[in-house]
Trainee: 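Below is the structure I would like to discuss, written out as structure tokens.
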Number of protein chains: 2
Amino acid sequence: MARNVHRSPVMADVAKVAGVSHQTVSRVLNDHPNVRRETRERVLAAIEGLGYRRNSTARALVTRRTNTLGVVAFDTTLYGPASTLYAIERAAREAGYFVSIVSLRELTRDDLSEALDHLARQQVDGLVVIVPQSAIAVALADMPQPVPVVTVEGDAGVGLPVVNVDQRKGGALVTEHLLRLGHRTVWHVSGPQDWLESQARIQGWRETLEAAGAPVPEPMYGDWSPRSGYRCGQILAGVPDLTAVFVANDQMALGVVRALHEARMRVPDDVSVVGFDDVPESEFFTPPLTTVAQDFAEVGRKAIELLLDALDGEHADGAANGSPPRPATPPVNIVVRPHLVVRRSSGPPRSR
Amino acid sequence: MARNVHRSPVMADVAKVAGVSHQTVSRVLNDHPNVRRETRERVLAAIEGLGYRRNSTARALVTRRTNTLGVVAFDTTLYGPASTLYAIERAAREAGYFVSIVSLRELTRDDLSEALDHLARQQVDGLVVIVPQSAIAVALADMPQPVPVVTVEGDAGVGLPVVNVDQRKGGALVTEHLLRLGHRTVWHVSGPQDWLESQARIQGWRETLEAAGAPVPEPMYGDWSPRSGYRCGQILAGVPDLTAVFVANDQMALGVVRALHEARMRVPDDVSVVGFDDVPESEFFTPPLTTVAQDFAEVGRKAIELLLDALDGEHADGAANGSPPRPATPPVNIVVRPHLVVRRSSGPPRSR
DNA sequence: GGGTCAATTGTTAACGTTCACAATGCCTTT
DNA sequence: AAAGGCATTGTGAACGTTAACAATTGACCC
């Protein structure tokens, strides 16, 4: 009596049908060159016939590679992280990797460690960390099995390879745009103070103002949410001589515009407002929002590219055991350039 | 000369240090009851001391469970899917599962099959499929190793367990709200025709109109994007006697409002507009958008709950081999209720 | 005081791959 | 014609865990 009624076929089953050894089946599956064409075809036919699929777990056990990449992201509900994640997943899958994700709800050290721990348990081959704080480096040191890591929007100073949008440049683009329109200065609603992206955008904004000899107002800090933008907008509405505001993301810009609107200030007639991110909605805001487009997809693709390179390198190292311990590669820092998208929310200041 | 300089410790190493057999270590790790307290403590100390971590791959090989759940979603860039995914990931992780995702860019049969194939290769223990078309059922039939599946926003008619928001109810809520305000009828900008969500919202809208004896205009079809809403809005601006529009999501509603605005029609004074989803931005639109809130997080949690139940059931089945082949459970269909959020984009029709 | 039972621990054999090495056959070279 | 080399295939042993079963101990019962 067949006792393997419901067992799915394994390599040995294929081997038996094809009249070869299991090792030959393995060779066919792994595209080993030295298999006779006829043999290969017989094996493939057997595979097809049995509906065989290779057991990736067994494979991972012996190769010590799970073919899985881990992604740690913060709040994938937001458009930016979501888009980046999407591109990462696509690129990884195309390269034959599985993608395991952890979405953080808070940016605490504990949550981050726990996330890394989780992924380490799964024995991921590599990590992409989309976490906008420098605390990552510390947490990564805890990783029991050091795996290749690529950070996105991370701190370039901590020695990990990083893929970044040039946020500083973005802040500068916005500020130049507004100054060129004739504004005397530009106010700024920033993201949270401890986000690297916030800091870089502030820097670009401040440097541009200073270079132009324009006064530098105190920046205000939101939390990326429309609501926080709204609150800042209410305060801004009371600022005398306000003519231009650079808001660090589109969602907050929406809140700012709303607050100004309620205070009977027109955008852009009375006040110009510029956002950041170019979310799909921003073109249809009232008025359509001038903003900075970031190529999130490109960032995701680059991150995977970098990570796969690192994996290949590691693999090669493992084989050539005697190679120098570390090739002392220069710190990798891929920068993606943002660009300004001018719409109707920005214009020249009202002539007085 | 230790040759295991850089090898991470395995169970046998722990066993040696603790002076027990590897099997006892395994028992400790799996909370097996019959281990003497003192022995357990010695083993735990050894684990701690060596920094041992269990190799989940080897474990998966023998238990035939990867502790990984697969999620197939369509366009996780959108707020709804992203939020659902977020909740799923959280719930799964809390239950000790890993989450592997595949984001579809198109809803073709091929892409779906490929996604399922990908996850099957990874030997996921279960699947959550967030795909809003009935084509899933067909593709799922191709799954080589049938695994428990829960669908989200899927077709309740195909026999798979499903977690849904009551979209029909949502459509009805909106339509009732507008009729009650005094509108003679309500126009509708729908999502794509082949989406189940679109269909259900249309149904709720149509039924409510019919029940009230109101005329039922021909619905218009967008693709969820603000741009498509804008195009529909341009057409709507030419409709005589237009006083109320129900738009099937907030993004398209934004486009509709924009188009009406450009046509010099005021919202809500001239036309009331109601959206769907309650994205965080909608409260800050101009004007703040009346919409329908869906509890995406709840949907995600329920989906995982259902899936874990199915996994437990399957596990039990496997143990009690002689149990009846299928308990013939009634089709599971969890329904989450949406609710109306009234803001300023809807109001009574202009008195004529 | 022997026997039964439960608690605790150990031994051996899977799980399904890939790796290392051996074996075979055939062709080329000298 | 022997030797060497290459292409092709097979054999046995890992990989690190859990499952099944056996062995040992001590308590308890009649």
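Lettering of chains follows the sequences in order, A, B, ..., and the numbering in each one begins at 1. Quantities reported herein were computed from a predicted structural model and do not represent experimental measurements. All values below were derived from every heavy atom in this structure, side-chain atoms included, with hydrogens, water molecules and symmetry-related copies excluded.
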Trainee: How long is the line joining CG of B:N67 and P of D:dT17, in whole Å?
Mentor: 15 Å
Trainee: Quick one: are B:R40 and B:R36 in side-chain contact, heavy atoms under 4.5 Å?
Mentor: no
Trainee: Would you kindly give the CG-to-P distance between B:L61 and D:dT17, to the nearest whole Å?
Mentor: 12 Å
Trainee: Could you tell me the separation between the CZ atom of A:R42 and the P atom of D:dT8, rounded to a whole number of Å?
Mentor: 14 Å
Trainee: Near B:E48 CD, under 6.0 Å, is it more than 12 heavy atoms from other residues, nucleotides or ligands?
Mentor: no
Trainee: State, yes or no, whether a side-chain contact exists between B:V17 and B:R42 at a heavy-atom distance under 4.5 Å.
Mentor: no
Trainee: Mind calculating the distance between CE (A:M11) and P (C:dC19) to the nearest angstrom?
Mentor: 10 Å
Trainee: Between the side chains of A:Q123 and A:T66, is a donor N or O closer than 3.5 angstrom to an acceptor N or O?
Mentor: no
Trainee: Classify the side chain of A:R64 and the base of D:dG16 as holding, or not holding, a donor-acceptor pair under 3.5 Å.
Mentor: no
Trainee: So that I can tick it off, tell me whether B:E305 and B:R301 are bridged by a salt bridge, with the cut-off set at under 4.0 angstrom between side-chain N and carboxylate O.
Mentor: no
Trainee: Is a salt bridge present between B:D125 and B:R64, judged by a nitrogen-to-oxygen distance below 4.0 Å?
Mentor: no
Trainee: Taking the side chain as everything from C-beta on, heavy atoms only, tell me whether A:V124 gets closer than 4.5 Å to A:L127.
Mentor: yes
Trainee: What residues form a ring-ring contact (aromatic ring centres under 6.0 Å, His included) with A:F296, not counting sequence neighbours?
Mentor: A:Y79
Trainee: I'd like to check A:T151 versus A:V131 (side-chain heavy atoms, cut-off strictly below 4.5 Å). Are they in contact?
Mentor: no
Trainee: So, is A:R54 close to the C:dT18 phosphate, meaning a side-chain N or O under 4.0 Å from OP1 or OP2?
Mentor: yes
Trainee: Round to a whole Å and report the spacing from OH of B:Y52 to P of D:dG16.
Mentor: 10 Å
Trainee: Without decimals, in angstroms, what is the distance between B:E38 CD and D:dT25 C1'?
Mentor: 15 Å
Trainee: Between C:dT17 atom P and A:R53 atom CZ, what is the distance in whole Å?
Mentor: 12 Å
Trainee: Sort me out a list of protein N/O and nucleotides 4-8 of chain C N/O pairs below 3.5 Å, or just none if empty.
Mentor:
{"residue": "C:dT8", "atom": "OP2", "partner": "B:N34", "partner atom": "OD1", "Å": "3.4"}

Trainee: Whole angstrom is fine here: how far is it from CG in B:L29 over to C1' in D:dG16?
Mentor: 12 Å
Trainee: Specify the residues of residues 14-26 of chain A, ordered by number, for which at least one heavy atom lies under 4.0 angstrom from an atom of DNA chain C.
Mentor: A:H22, A:Q23, A:S26
